[in-house]
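To start, the structure itself, in structure tokens.
The structure displayed is predicted, hence computed values, not measured ones.
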Amino acid sequence: MTSTATNASEKIVLGFHALSEPLRVKTIELLREKELCVCDLCDLLGVTQSKLSFHLKNLKEAGLIRGRQEGRWVYYSLDLSQFVVLEQYLAEFRRFSPILPARACKDDR
């Protein structure tokens with residue numbers, strides 16, 4: 001596998017792993033509407049800043065969100081380019097993977 005393919009695979013794995021946690025999905029859904037600071041996210045999600053920071057770090061490492069510092073606050077927004085990567089990955093299955101009936105298994109194994 002080429003280095004580019006490996007990097008793409010890692011991005012896909014990180015993206016789907018980040019989306020496998022309900023709190024992170026809720027965070028993403030809130031950020032769909034608008035950019036939010038950590039304090040607003042904590043209030044809306046009902047979690048402590050330390051717990052949210054762990055999840056924000058995962059989302060950021062997966063490339064799903066980006067942070068922008070303004071004064072002492074960090075404002076988060078979606079990074080749509082990574083969502084495009086995940087969407088294209090799933091679209092490849094729809095386009096190129098025919099759904100075939102399973103072969104009958106033989107009983108003589």
Side-chain angles (χ1 to χ4, degrees):
M1 198 179 320
T2 66
S3 165
T4 305
T6 303
N7 290 340
S9 293
E10 288 173 12
K11 285 180 118 180
I12 290 164
V13 169
L14 285 172
F16 284 121
H17 178 264
L19 292 171
S20 70
E21 213 298 321
L23 183 62
R24 287 180 259 202
V25 172
K26 289 178 188 172
T27 303
I28 290 292
E29 296 205 0
L30 288 170
L31 294 175
R32 283 179 75 180
E33 297 174 22
K34 62 183 175 182
E35 179 182 69
L36 292 166
C37 71
V38 174
C39 59
D40 289 337
L41 284 167
C42 287
D43 289 344
L44 291 166
L45 294 166
V47 296
T48 63
Q49 188 170 344
S50 62
K51 181 174 183 171
L52 183 60
S53 291
F54 169 78
H55 293 290
L56 291 171
K57 179 178 178 260
N58 277 281
L59 289 167
K60 200 169 182 183
E61 287 174 353
L64 296 171
I65 64 170
R66 60 177 147 233
R68 171 183 69 81
Q69 185 136 12
E70 188 175 302
R72 52 182 273 221
W73 300 109
V74 177
Y75 291 85
Y76 289 95
S77 61
L78 297 181
D79 188 344
L80 296 178
S81 63
Q82 176 63 354
F83 286 93
V84 170
V85 169
L86 297 177
E87 181 181 22
Q88 288 174 343
Y89 175 76
L90 292 174
E92 294 296 313
F93 283 95
R94 187 178 64 239
R95 275 193 345 207
F96 299 115
S97 298
I99 299 174
L100 301 174
R103 290 184 321 195
C105 292
K106 295 182 181 179
D107 289 333
D108 60 341
R109 285 191 199 189

* Asked: What distance separates S81 OG from L64 CG, expressed to the nearest 0.5 Å?
  -> 9.0 Å

* Might you confirm whether atom OH of Y89 has over 12 heavy atoms from other residues, nucleotides or ligands at distances under 6.0 Å? => no

* Structure fact -> Sorted by chain and residue number, the side-chain hydrogen bond (donor to acceptor under 3.5 Å, both in side chains) partners of S50 (sequence neighbours excluded) come out as T48

* Is the closest side-chain heavy-atom distance between K11 and L14 below 4.5 Å? -> no

* To do: Determine whether L23 and V74 fall in the same hydrophobic cluster, where Ile, Leu, Val, Met, Phe, Trp and Tyr are linked whenever their side-chain heavy atoms lie under 4.5 Å apart.
  => yes

* Return the set of residues passing side-chain hydrogen bond (donor to acceptor under 3.5 Å, both in side chains) with E35 (not counting sequence neighbours), or none when no residue passes. => R68

* Structure fact -> Heavy-atom nearest pair, V38 first then L52, reads O-CD2, 3.9 Å

* To do: State, with a plain yes or no, whether a side-chain heavy atom of T27 is found less than 4.5 Å away from one of H55.
  => no

* Without swapping roles, check the side chain of Q69 against the backbone of G71 for a donor-acceptor pair under 3.5 Å. => yes

* Asked: Of all residues at least two apart in sequence or in a different chain, which pass the side chain to side chain contact (heavy atoms under 4.5 Å, CB included) check with L78?
  -> I28, L31, R32, I65, L80, F83

* So do L90 and F16 actually touch side chain to side chain, heavy atoms under 4.5 Å? -> yes

* To do: Determine, stepwise, if the pair V25 / E29 fulfils side-chain contact (heavy atoms from CB on, under 4.5 Å).
  => CA-CA 6 Å; V25 172; E29 296 205 0; 3.8 Å; yes

* **For S53, side chain to side chain contact (heavy atoms under 4.5 Å, CB included) partners two or more places apart** => Q49

* Compare every heavy atom of N58 with every heavy atom of A18, then report the nearest pair and how far apart it is. => CB-O, 4.2 Å

* Spell out, yes or no, whether L56 and L44 are grouped together once hydrophobic residues are joined by side-chain heavy atoms under 4.5 Å, including indirect joins. => yes

* Asked: Taking only residues at least two apart or on different chains, which pairs with a member in residues 43-53 satisfy salt bridge (charged side-chain N to carboxylate O under 4.0 Å, His left out)?
  -> none

* What residues form a side-chain hydrogen bond (donor to acceptor under 3.5 Å, both in side chains) with E61, not counting sequence neighbours? -> K57

* Any chance you could lay out the side-chain contact (heavy atoms from CB on, under 4.5 Å) test for L19 and L86, step after step, and finish with the verdict? => CA-CA 11 Å; L19 292 171; L86 297 177; 4.0 Å; yes

* Asked: Taking atom CZ of R24 and atom CG of L59, what is their separation to the nearest 0.5 Å?
  -> 6.5 Å

